[in-house]
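Worksheet: the structure to be examined is printed underneath.
From a predicted model like this one, the values you see are computed outputs, not experimental measurements. Just so it is clear: chains get the letters A, B, ... in the order the sequence lines come, proteins before strands, and each one is counted from 1. Quick note: numbers below take in every heavy atom, side chains included, and nothing from hydrogens, waters or symmetry partners.
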Protein chains: 2
Amino acid sequence: MAFDNLGPRELRVLQNLVMHYIQTADPVGSRVIANRYRMGLSPATIRNTMQDLEELGLVRQPHTSAGRIPTDSGYRVFVDLLLRPEPLTEAEQKKIKSLIAGTNRGLDALLTQTSKILGEISSQLGISISPRFEEGVLTRIDLIPVSEGRLLVIVAVKSGLAQTILMEVESDIDVDELRQMESLLNERLTGLSLGHIRKTVNERLADTSCSPRLLKLFLDTDSEIWNDQGEEKLHFTGVDKLFSQPEFAERSRLAELVRVLEEQSGLIETIKTKSIGEGIVITIGRENQMTEMQSCSIVASKYQAGKVTGTIGIIGPTRMPYSKLVSIVEYTARSLTEALSDEKKDNG
Amino acid sequence: MAFDNLGPRELRVLQNLVMHYIQTADPVGSRVIANRYRMGLSPATIRNTMQDLEELGLVRQPHTSAGRIPTDSGYRVFVDLLLRPEPLTEAEQKKIKSLIAGTNRGLDALLTQTSKILGEISSQLGISISPRFEEGVLTRIDLIPVSEGRLLVIVAVKSGLAQTILMEVESDIDVDELRQMESLLNERLTGLSLGHIRKTVNERLADTSCSPRLLKLFLDTDSEIWNDQGEEKLHFTGVDKLFSQPEFAERSRLAELVRVLEEQSGLIETIKTKSIGEGIVITIGRENQMTEMQSCSIVASKYQAGKVTGTIGIIGPTRMPYSKLVSIVEYTARSLTEALSDEKKDNG
DNA sequence: AATTGGCAATCTCTCCGCCAGAGTGCTAAA
DNA sequence: TTTAGCACTCTGGCGGAGAGATTGCCAATT
């Protein structure tokens with residue numbers, strides 16, 4: 001929809017209305033806008049403008065004698081046309097940086113930490129999604145026998161990421177065979193991306209003298225080693241923050257949201273399809289595919305770990321402080337990317 | 001407190017009262033017990049017994065003209081003296097086994113999965129705590145350079161567990177030196193427990209020709225490599241289940257619980273100190289140290305992965321179906337231990 | 001002595017009507 | 001085009017009334 005035909009008065013009224021509603025969570029009346037925001041107009045005039053905005057579908061009344069609240073479209077116009085990112089304070093920047101830098105237990109812990117930071121600083125729900133390893137470049141692969149019938153496979157990928165897979169194997173595997181297999185894999189596959197390996201592993205390991213029993217574990221292109229199906233994980237922290245939000249007064253709505261969060265896969269899918277582009281992506285209310293999310297907004301951004309990319313973001317009610325959240329997500333994504341980058345930041 | 005002086009009548013009334021209250025969440029009146037449970041006594045008689053139980057502090061009235069509900073002590077007597085574990089159905093057993101067996105992405109994923117199973121089957125909150133690696137026996141240690149200034153250390157422990165640590169190092173490390181260091185570590189330390197290593201690493205690596213810069217990373221006994229501080233993680237699934245429970249009608253109470261869950265460390269500590277013994281440990285309401293947990297009960301059990309032990313459990317309101325939950329936790333813990341045991345279960 | 005029926009008393013919960021408060025839409029005036 | 005005035009509408013809180021449930025106690029019964 002084109003809302004370019006909105007006059008400056010309409011825009012200002014919308015802006016003030018959205019900002020005030022974000023703060024108070026109460027429907028905003030004409031008097032508040034006229035007085036508190038010093039527009040130099042009487043409430044009656046504001047009322048007329050508000051009627052126009054209502055006809056355009058940007059605001060609505062919960063009931064006849066209440067003030068107005070923004071619709072999803074109203075928030076959309078606010079975000080697209082009126083949003084001014086509110087910069088982070090020094091303290092906030094410091095906090096984000098130091099908490100990210102202080103975590104060195106591997107990717108999983110780092111992402112948990114990141115979601116925690118986002119949740120705390122935003123007072124909303126912070127989320128982070130681990131990257132797909134598809135594009136990750138293999139650094140090393142280890143085969144470690146852990147017991148008679150089981151094998152621990154550790155796949156290390158550039159940028160310090162690693163995933164471990166526990167495999168069931170036929171019980172009698174010779175240690176020497178295993179060593180041989182291991183060096184073969186490392187020789188022929190390191191430096192390639194996992195996705196590439198999956199497609200070409202058959203050819204690359206064709207002429208080999210290895211134990212065929214062992215070999216077939218790695219030739220299976222559906223194997224979880226090269227495939228990252230189900231590998232993506234959604235971390236989230238800050239559910240308690242949402243409890244105090246009036247839009248989650250009915251228990252069922254928050255319960256639904258939590259169920260979706262715990263279920264993981266559906267939400268991961270929708271977030272990923274949304275945030276294909278660069279930079280911050282904001283999804284508002286009904287713009288969400290999932291019905292359980294249609295009273296929520298998501299502010300998301302990608303982060304990078306070498307060639308591999310994942311997503312972080314914030315979830316909250318559509319009435320969320322977008323101006324602040326945009327800055328938080330943007331800065332956190334950048335910090336995370338930095339922490340995961342191959343170059344050390346300050347190698348002076 | 002000794003409640004051995006309770007007569008069989010008192011016990012039966014208490015039992016029926018608790019069982020009925022667990023089902024309905026409504027205060028139980030004398031008539032319900034007399035009629036529905038066919039005790040062959042009139043409501044008036046039951047009333048007298050109930051007064052006795054109230055004087056003993058086992059039940060209480062929410063207000064003058066309501067039925068009775070169990071107190072924490074009441075549940076305690078129920079659990080200690082009257083509980084009959086309700087066996088799992090075939091289907092439930094199958095579900096638990098197969099979901100545990102179907103997860104082979106390493107310990108973290110397995111524990112997430114376990115908490116999910118517990119949550120689903122119990123319709124309560126399922127939790128799992130990763131084990132301390134203190135007692136874990138080192139199988140292998142890998143040093144993988146990931147970028148100029150960083151080193152990925154993978155510590156593999158018996159039973160297929162592995163943890164990865166990302167370390168900052170001085171930027172110019174020779175690959176050969178690294179290899180040398182790696183084999184040295186593997187030669188001298190595999191087969192020992194991490195706790196043991198931490199204490200003796202200084203002597204064990206004393207006479208060495210390795211690069212001292214590298215060496216000092218591993219001699220630092222506070223280093224996160226041998227130390228598992230902060231390594232323990234609490235996984236939880238099923239928060240949405242608690243929303244429908246009437247005891248969490250006030251939002252703040254559930255919010256507090258979630259905050260504690262997300263904060264991790266405090267809860268981990270209390271659960272660990274409680275469940276030192278073998279078998280199922282049940283903690284009821286006020287018996288919990290943490291104030292936020294005092295309207296909740298925990299049914300917990302240990303599981304083992306070789307020499308390493310962790311805890312799983314279920315959290316819910318004190319009004320929870322103990323009979324069923326005991327069986328669920330017990331069976332799941334056993335299945336998990338089995339899945340993590342060194343022996344393959346069915347190597348026939 | 002234990003059990004039971006009867007009964008007044010107590011407390012909650014829900015429904016209903018009432019009223020104050022807030023904000024609108026419309027109309028007429030500036 | 002803007003504003004003041006005014007009737008209208010809807011919500012939310014308060015209080016009282018009445019139904020329902022369950023108790024405690026007492027006197028009667030087994």
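- When the nearest nucleotides of DNA chain C are assigned to B/Pro43 and B/His63 by heavy-atom distance, the more 5′-ward of the two goes with B/Pro43.
- As rounded to whole Å, 13 Å separates atom P of D/dT11 from atom CD1 of A/Ile69.
- The side chain of B/Glu54 lies closest to D/dG24, out of D/dG24, D/dG5, D/dT2.
- In terms of heavy-atom proximity, B/Ala300 sits nearest to B/Val329 at C-CG1, 4.0 Å.
- When ring centroids are compared, B/Phe78 and B/Tyr21 stay outside the 6.0 Å threshold.
- Under the ring pair (Phe, Tyr, Trp, His ring centres under 6.0 Å) criterion, A/Tyr37 pairs with A/His20, not counting sequence neighbours.
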Take B/Arg251 and A/Leu254 through the side-chain contact (heavy atoms from CB on, under 4.5 Å) test and state the conclusion after the steps.
CA-CA 10 Å; B/Arg251 286 180 297 176; A/Leu254 191 45; over 6 Å; no
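- Taking 4.0 Å as the cut-off between side-chain N and carboxylate O, B/Glu54 and B/Arg68 count as a salt-bridged pair.
- Side-chain contact between A/Asn16 and A/Arg12 is present, with at least one heavy-atom pair separated by less than 4.5 Å.
- The side chain of A/Thr64 approaches D/dC10 more closely than any other nucleotide in the set D/dT23, D/dC10, D/dT3.
- B/Glu292 and B/Arg253 are not joined by a salt bridge, as no carboxylate oxygen comes within less than 4.0 angstrom of a charged side-chain nitrogen.
- A salt bridge does not link A/Lys274 with A/Glu269: none of the charged nitrogens is closer than 4.0 Å to a carboxylate oxygen.
- DNA chain D is contacted by B/Gly29, B/Ser30 of residues 29-36 of chain B, taking any non-hydrogen atom closer than 4.0 Å.
- Contact check, B/Gln51 against D/dT23: no side-chain N or O comes under 4.0 Å of OP1 or OP2.
- Salt bridge absent: B/Asp72 and B/Arg76 never bring a charged side-chain N and a carboxylate O closer than 4.0 Å.
- Side-chain nitrogen and oxygen atoms of A/Arg9 include none within less than 4.0 Å of the OP1 or OP2 phosphate oxygen of D/dT1.
- Side-chain nitrogen and oxygen atoms of A/Ser42 include at least one within less than 4.0 Å of the OP1 or OP2 phosphate oxygen of D/dT3.
- Here chain A contacts DNA chain C (any atom closer than 4.0 Å to a heavy atom, that is under 4.0 Å), and the contacts span C/dA22 to C/dC26 from 5' to 3'.
- In this structure, A/Met50 places its CE atom 16 Å from P of D/dT2, rounding to the nearest Å.
- Between A/Arg47 atom CZ and D/dC6 atom P there is a gap of 14 Å when expressed in whole angstrom units.
- One can place CZ of B/Arg60 at 19 Å from C1' of D/dG24, the figure rounded to the nearest angstrom.
- Distance B/Glu55 CD to D/dG24 P: 10 Å, rounded to the nearest Å.
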